[in-house]
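In what follows, a structure is listed as structure tokens, so that the remarks can point back to it.
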Amino acid sequence: MIDGWTTVSSTVQYTGVRVVVRRDSVRRTDQSLGTYEYTEAVDGVRVVALDDRGRIALVEENVYVCGQRLLMCPGGGCEPGETPLAAARRELAEEAGIRAAEVELLTMMWRMPAGARTREHLYLARGLSIGEHHRDASEADMELRWVTLDHAVAMCSDGRITEAGTLAAILLTAQRTTAWSGSPAAATEEGPVPSP
């Protein structure tokens with residue numbers, strides 16, 4: 001709770017399979033009253049899988065809620081009792097068939113702080129080995145694409161990549177690594193999915 005704020009009441013408005021909707025009444029430091037409606041859901045993860053050729057793995061899939069086909073870093077929600085790191089490794093293997101020798105935390109971010117009490121944990125994975133994916137039925141239309149990190153940064157800038165966690169994870173990876181040269185020529189490279 002914010003210092004000086006008090007929760008007067010908190011009620012559950014709706015409970016679904018993956019989300020809870022709450023309405024809280026609060027008293028702020030200046031004694032004014034406010035009402036906040038928000039969702040609670042499990043934390044999520046996104047993973048930038050960076051290979052030794054400077055390429056990252058992106059998955060492309062139909063996303064029902066926004067009504068579009070999106071390019072994203074592999075990721076998803078944490079299972080009950082699962083750490084974000086374990087979820088990152090699991091999602092990477094399930095969606096892309098990738099296992100990583102190293103997985104490091106890039107940052108933790110709030111998905112939508114004014115309306116959702118849910119965090120997104122962003123990871124960078126290296127030392128990759130490629131195998132078979134294990135997607136569930138909702139991911140049957142998913143396709144794996146490999147693009148250079150430069151190309152992915154360009155896609156973040158021109159609107160081809162629009163999912164918040166993926167945007168942040170790619171840009172943080174570009175900032176952190178030496179793989180991003182920023183050269184216009186590199187930004188046009190795109191490669192096929194490597195064989196296992």
Side-chain angles (χ1 to χ4, degrees), residues 16-21 38-52 54-66 68-147 149 152-153 155-156 160-177 179-180 193:
V17 175
R18 297 178 182 270
V19 68
V20 172
V21 180
Y38 59 95
T39 62
E40 290 182 322
V42 298
D43 281 3
V45 298
R46 288 282 166 211
V47 189
V48 176
L50 179 65
D51 73 9
D52 57 7
R55 301 178 308 166
I56 69 168
L58 295 173
V59 290
E60 185 174 19
E61 67 175 318
N62 295 322
V63 181
Y64 172 76
V65 175
C66 64
Q68 294 182 3
R69 189 164 177 82
L70 299 182
L71 273 171
M72 298 178 284
C73 291
C78 297
E79 298 291 345
E82 185 180 40
T83 67
L85 177 58
R89 287 186 177 278
R90 176 183 52 76
E91 289 286 353
L92 192 57
E94 286 179 0
E95 293 187 352
I98 297 173
R99 300 196 183 281
E102 305 170 35
V103 180
E104 65 177 294
L105 181 67
L106 290 165
T107 196
M108 183 281 293
M109 59 180 272
W110 292 100
R111 282 187 182 170
M112 191 177 72
R117 189 174 281 174
T118 307
R119 300 172 299 179
E120 193 87 354
H121 304 264
L122 309 181
Y123 290 92
L124 171 59
R126 290 188 266 209
L128 310 182
S129 57
I130 316 299
E132 293 297 319
H133 62 75
H134 303 283
R135 298 171 185 153
D136 62 32
S138 68
E139 300 165 335
D141 64 347
M142 186 178 282
E143 295 178 22
L144 178 63
R145 293 176 59 187
W146 289 88
V147 301
L149 183 55
V153 170
M155 295 167 87
C156 290
R160 285 177 286 171
I161 291 176
T162 56
E163 193 272 326
T166 297
L167 280 162
I170 289 171
L171 297 177
L172 286 170
T173 297
Q175 182 184 49
R176 182 171 295 198
T177 67
W180 184 39
V193 176

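A quick note: this is a predicted structure, and the numbers were derived from the prediction, not measured. Residues: numbered from 1 along the sequence shown.
- Looking at R160 and E60, no side-chain N of the basic residue comes within less than 4.0 Å of a carboxylate O on the acidic one, giving no salt bridge.
- Shortest non-hydrogen contact noted between A125 and L128 is O-CD2, 3.8 Å.
- The backbone N or O of C73 sits less than 3.5 Å from a side-chain atom of R46, completing a donor-acceptor pair.
- Distance check, rounded to the nearest 0.5 Å: CG of L92 to CZ of R90 gives 11.0 Å.
- Between the side chain of R18 and the backbone N or O of A41, no donor-acceptor pair lies under 3.5 Å.
- Under the 3.5 Å distance criterion, the side-chain polar atoms of E163 are matched with a main-chain donor or acceptor of T166.
- Residues L58 and I161 are in side-chain contact: their nearest non-hydrogen atoms beyond the backbone lie under 4.5 Å apart.
- Pairing each heavy atom of Y38 with each of R117, the nearest pair is OH-NH1, 3.5 Å.
- Residue L172 holds its CG atom at 10.5 Å from OG1 of T177, rounded to the nearest 0.5 Å.
- In this structure, the side chains of H121 and D43 come closer than 4.5 Å at one or more pairs of heavy atoms.
- The CZ atom of R111 sits 11.0 Å away from the CZ atom of R119 when rounded to the nearest 0.5 Å.
- Nearest heavy-atom pair, L171 versus C156, reported as atom, atom and distance to 0.1 Å: CD2-CB, 4.4 Å.
- Between P84 and Y123, the closest side-chain pair of non-hydrogen atoms falls below 4.5 Å.
- Rounding to the nearest 0.5 Å places CE of M142 at 9.0 Å from CZ of R69.
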Please walk me through it: do V47 and I98 pass side-chain contact (heavy atoms from CB on, under 4.5 Å)? CA-CA 11 Å; V47 189; I98 297 173; over 6 Å; no
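- Counting all heavy atoms, side chain and backbone alike, M109 lies closest to A168 at SD-CB, 3.8 Å.
- Closest of all the heavy-atom pairs between A174 and V153 is CB-CG2, 3.7 Å.
- Residue G77 comes nearest to E82 through the heavy atom pair O-OE1, 4.4 Å, listed as atom of the first residue, atom of the second, then distance.
- Proximity of H133 to L144: side-chain heavy atoms (C-beta onward) are nowhere separated by under 4.5 Å.
- In this structure, CD in E79 is found 7.5 Å from CD in E91, a value given to the nearest 0.5 Å.
- Rounding to the nearest 0.5 Å places CG of L167 at 11.0 Å from CE of M155.
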